[in-house]
Each structure stands twice: as structure tokens, then as C-alpha cells.
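As C-alpha cells, the structure follows; a few thoughts come after it.
Values below: every heavy atom of this structure, side chains too, minus hydrogens, waters and symmetry copies. The sequence lines fix the lettering, A, B, ..., with proteins before strands; numbering per chain opens at 1.
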Amino acid sequence: MSKDKLIFLAAVAALFALNFLSPSIDPYYYTIIIYIGINIILASSLNLINGYTGQFSLGHAGFMAIGAYMSAAVSTYFAPSFEGLMSMGAVGEAIVFVILLVIAGVAAAIAGILVGVPSLRLRGDYLAITTLGFAEIIRVIIQSLEVVGASQGFRGAYIFNNGMKAAQIPADMSEVPNTFFAVPKFTDFFWTYLFVAVIIFFIVNLMNSTYGRGFLAVKDDEVAAESMGVNSTKFKVIAFVSGAFFAGIAGSLYAHFNLYINPEDFNFLKSVEIVVMVILGGMGSLVGVVIAAVLLTILPELLRGVAEYRMIIYALLLIIMMLTRPQGLFGVKLRTRKNRT
Amino acid sequence: MNTLEINNCTMRFGGLTCVDKLNAFVGENELVGMIGPNGAGKTTVFNIITGVYNPTEGDVLFNGTSVVPLRAYQVAELGISRTFQNIRLFSSLSVRDNIRVSFVKSVKAGFFQSVFNVGKISDEEKYFDEKTDELLEIFGLSDVGDEYARSLPYGEQRKVEIIRALATSPKLLLLDEPAAGMNPTEKTELMSLIKMIKDKFGISILLIEHDMGVVMGVCERIFVLDYGKKIAEGIPDHIKNHPKVIEAYLGETHTDA
């Protein structure tokens, strides 16, 4: 077995062992640790699109929303079908969660194709605006979907004895007996960081391969890339779809940790937050983006002490960062042409 | 059969005719030069051949297959590769990685094998590595392989562009002003390099060049464009003294003056 897979398996084993420590961690810190993991997945998956392939997407929260709602809705509305598996204990729960994660990822990936293929004819600012619009459309649609709680948010589903299902009890159904299925808690330290490991493994292998050079070439110069036989459309779509897939998984992890999701969790600000992580870490730098995701998740929490000045300080730090290191924490500054003669 | 045949090709942008009913060909393992004053439509011809533009009229055949309906990357897959007038190297990549981009089209492993790093992928990567080493060796750039391509001196950047084009294993190489910005020593070196490429790789070359020394020195046959029309064609000695060519470059001759 090659080295990369051994490291991956060792990491998974270590995560599994570390997971037993989680009950001893203060719930506040535990929540932050989980959010750090989810943000690493989100920022790294956006890095595939924005960083490595150079397509400026501003709608990552949209893909995350699709994953979160898909997974939450399936896990509650179809809860009776999962009961058999769930009663099998830890293994059964793991199977259910993997099914939900795959559903969330695939749903987001399909959305990635739908938004990706038509909008990849656009470049730069135009693509950014289109993807931003797409994410807002997703959010507005969810906001008006009664079946997932609309703007009230989604906690779980009522299944009535007459077979009806709804996110809230309608007035005329108040007499009918029902069972409430809450969004199940699946996400823990192990699952979150398992997918952190998966996306890191994914990016390292892909970007070190010759195949992965295609993404970088498209970012640098599309015309030259095409002239060297690189199908730029194909590479852009692959980047969009795999980025969306992991955003969907992050959404599912979020839903099954928070147990309550609201359309406002996936608004424009969330998309911007992810973009900021990528830019701050350095476009196309794996380590940089991971570190930025960690810092930007912790920072607002550290600043809780100064209450109302929190967001101002946060914003100021970002401005200072961009002035002093515009290429990001670990981004490569392109050396200007120097003559060695 | 000729490697490249341009049949009655016309390219219009709005009311401007850039290429006007052009007929030209490049034979197998032949080195052909295309010259003409600025704005004569030379680079447009390259863009038509490589699928960047679709000609308004006419056809371009490569080994008998029309390249007109193909997209740029498909033309490259077919075996036509090029360099650019204004160097277009991938600026965030090293010299080696610039060359590796040319192997992307021949990767058999595909997306999932690359991600999971399984199957024959390591053999394939090793083969690409060896090919890269070999090409760098031939062009004497072995020691700069890990430098950023854009940080090299101008002449070496031109060479990297040529290597990158050759790495796609083309049957026809299009060179767009390879001598631009080179000093006389580099130009002499370039001339022997072009001849070497033609012999060693056994490919056909179509060359755009303004430097008459280079064109006359290496080309077996030359055709001249002016305002999108072919005004002359022949061996270098014939072109040198062709009245229409002299007129295009220097203006009309007035015998009565």
C-alpha cells in the first residue's frame, strides 16, 4: 500500500481513538472544534474552485444549504424506514449517516452541475455574481418551502397517524395523534474530522498528479491550456462538482450537529466568510486555507470579551492582513520577471 | 498527403477581412515560413489552424481531417501544437509543471484514479517525468526545471514554450515569432534548434518570423502574406528578390523617379 493511504488510515485510526475523549471536553469548546472542522471542509472545497481552478464562486453557502436540508429532511421524513438500521446500534447509525452524507453530497453536486455548466461561459466578476444569485435563489426557495419549515427553520418532522407528514402541526390536524422525529444527532468529532482527512487526501493526490495540472493550467491561462490539449470546460465542471459535493457534506455535518437549521445560516454572509478563508489562507494553498479556516473560526470567539467591538476588530484584522500579505498566509507571491544574466 | 492544407480560407471580423481566400500547405517533415508586414493576418492564420477562430469560409485539413469544427483542445489532441507571439507560460507553475500540463491530455488514469492514487498511475507519472527530463536535457534547461517559468530570462522562456508544445507530441508545430526579443547569439542558437527539432522529432513546422535572417536561414519554403492575401510563395532565394514582397515591405517602387 502506498504512503498516502497509510497516512490516511493512520489518521482515521487516530481520530477514532481521540473521539473517546470527546465527552470530557467542555461542550462550548467541543462545538468550536466541530465548527472548525466543518469550516475546513467548506474552505478547502471552495479552494478547489476559487484557488486551484481560478473560477470565482461566491455561492458556496448555497451548496452547503442543499446538503444540510437534504440530509435533515431525509433523516426525519423517512425516519421510520431507518428505524431498523438505527436499532442496530453504532454500526447501524454509521450506515444511516453515510447514506445521508452521500445523499447530501450528491444533491449538492447535481446542483453544482446545474449552476456550473451554464455559468462556466462566464468569467471573473460575472461568474461571481451568477453564483451569488444562485445561492440566494436556493435560500429564498428554502425560505418558502413549508415542508422544511420555511423561514421558521427546520427541527424535525411530524408524522401523523393518518400518514400525513409536515414540519409543523397544521391547525386542522391538531387532533390527530402524531410522532415527532427530530433531526438525529450523528455528527461528532470522528465524523467531522474524517471528512477533513478525506478532503485533504483528495486535494493532495489530485493536485500532485499530472491530471491535476489541468486545473492549475486553466487558472493561469485558459487559451494556452486549451492549446496544450486541456479541455478547460471539463476541468471547470469537475472543480465545481467536487467542490459542491464536499460543501453538501459539510452542510449535512452541520445539520446533524446543530439539530436545527435555518435558511439564514446559509445566507450571503456565510458564502463571504468561506471566500475570506480562502483568500486569507492563500488561493490554491492547502495548508494556508486550513489554517485560515481554524483562525477565522476561533477569532470571533476569542473576541467575545470585547463584545460590541468584536466585528470591528475582526474586520480590521482582515484589512491589515490583506495590506501586509495580499497573497494570503501561505500563498505564493509571484516573483516578477528577473533577469539572471 | 500534405500534413496541413489550408483551402480557400477567409476570415472576416465584421467588415474587416483579415485572411482573404488563402491557399497554403505544409508537407510532411517540411519547414515552412510565413512572413508578411505587421497586421498581414499571420497570427490569425495560426488561430484558425488551432481552432481558436472558425474561418468565415474555407477549410483547414490536417492529415486529411478538417479541424474547423474542432475546439482548441481537440486540435491539440489531434497533433497540432503551438507557441505564442507574446509568451503565454503558466506563471504560477514551475518549468517542469508547465511541461507536465502537456501530458494532461494523454493521462489514461483519469479523475478517480488520480484522486485515489491507484492502478497504473505511478508508472504513468514516472513515464511523464522521464519524458520531461529528456526534453529539458535536449534543450539544455535541466538545471532550471524547478524555477518558476516566468522568472527565467526571455530566451529561455521561449525555449520552455517550445518544449511545452513539443511535449504534446505534435505532428505539426506552429511557432509564432520565436526569435522576437532575442539577441543575435540567441538567434543563431534558435536557428540550429529549429533545424534540430525538425530532424530529431520528424515533424512539420510552420514558422512566423519577422527576422529575415532567421526565416531565410532555416525555411525550406516561404509564403508571404499581405492584407490577408498570399502575394508570393517559393524558396528563400526566390522570395528575397520577389518584387511584390519588396513592395509590401518597403512600399511601391517608382521607376520614373
Side-chain angles (χ1 to χ4, degrees), chain A residues 1-8 48 51-52 54 198-199 201-235 237-239 241-242 282-285 327 331-341, chain B residues 47 50-52 71-84 87-93 97-107 109-111 113-118 121-122 124-125 128-129 144 147-157 161 164-165 167-168 170 174:
Chain A
M1 197 181 285
S2 55
K3 211 175 108 205
D4 57 309
K5 286 185 210 70
L6 282 176
I7 295 175
F8 179 75
L48 275 171
Y52 294 105
V198 167
I199 196 168
F201 176 83
F202 178 95
I203 290 177
V204 167
N205 271 345
L206 187 61
M207 291 309 159
N208 280 336
S209 69
T210 296
Y211 192 82
R213 291 287 162 281
F215 298 95
L216 305 170
V218 169
K219 175 182 75 176
D220 275 354
D221 190 329
E222 221 179 301
V223 175
E226 287 254 329
S227 294
M228 298 306 128
V230 175
N231 181 352
S232 61
T233 313
K234 185 176 116 189
F235 279 89
V237 171
I238 290 177
V241 170
S242 40
M283 295 264 207
S285 155
Q327 72 273 36
V332 188
K333 190 176 181 188
L334 291 181
R335 277 175 282 180
T336 41
R337 232 178 282 174
K338 61 167 192 229
N339 281 320
R340 296 180 306 136
T341 45
Chain B
N47 284 337
T50 53
V52 177
R71 284 185 50 197
Y73 77 91
Q74 293 167 318
V75 175
E77 278 172 356
L78 214 58
I80 302 180
S81 196
R82 72 177 293 184
T83 66
F84 295 88
I87 299 178
R88 301 187 85 140
L89 289 169
F90 304 117
S91 51
S92 70
L93 299 182
D97 281 343
N98 262 279
I99 299 167
R100 267 171 87 190
V101 170
S102 300
F103 296 125
V104 169
K105 73 180 175 73
S106 29
V107 172
F111 177 71
Q113 283 194 45
S114 298
V115 167
F116 296 111
N117 197 4
V118 289
I121 187 160
S122 55
E124 210 174 65
E125 297 282 337
F128 294 147
D129 266 348
V144 294
E147 302 238 4
Y148 280 103
R150 276 294 199 174
S151 71
L152 299 181
Y154 201 69
E156 289 184 3
Q157 289 193 35
E161 257 213 326
R164 188 178 68 176
T168 64
L174 309 176

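- For B:V107, the part sitting under 4.5 Å from any heavy atom of chain A is the side chain, from C-beta outward, and nothing else.
- Heavy-atom distances place both the backbone and the side chain of B:S102 under 4.5 Å from chain A.
- Interface remark: A:F235 contributes side-chain atoms only to the contact with chain B (heavy atom separation under 4.5 Å).
- If you look at A:Y52 and A:F215, their ring centroids are not closer than 6.0 Å.
- Scanning for ring-ring contact (aromatic ring centres under 6.0 Å, His included) contacts around B:F103 gives B:F128, with sequence neighbours left out.
- With sequence neighbours left out, the salt bridge (Lys or Arg N to Asp or Glu O under 4.0 Å) criterion links B:R100 to B:D97, B:E125.
- Heavy atoms closer than 4.5 Å to chain A are found in both the backbone and the side chain of B:V101.
- B:E161 has its side chain within reach of B:R88: a pair of non-hydrogen atoms, C-beta onward, lies under 4.5 Å apart.
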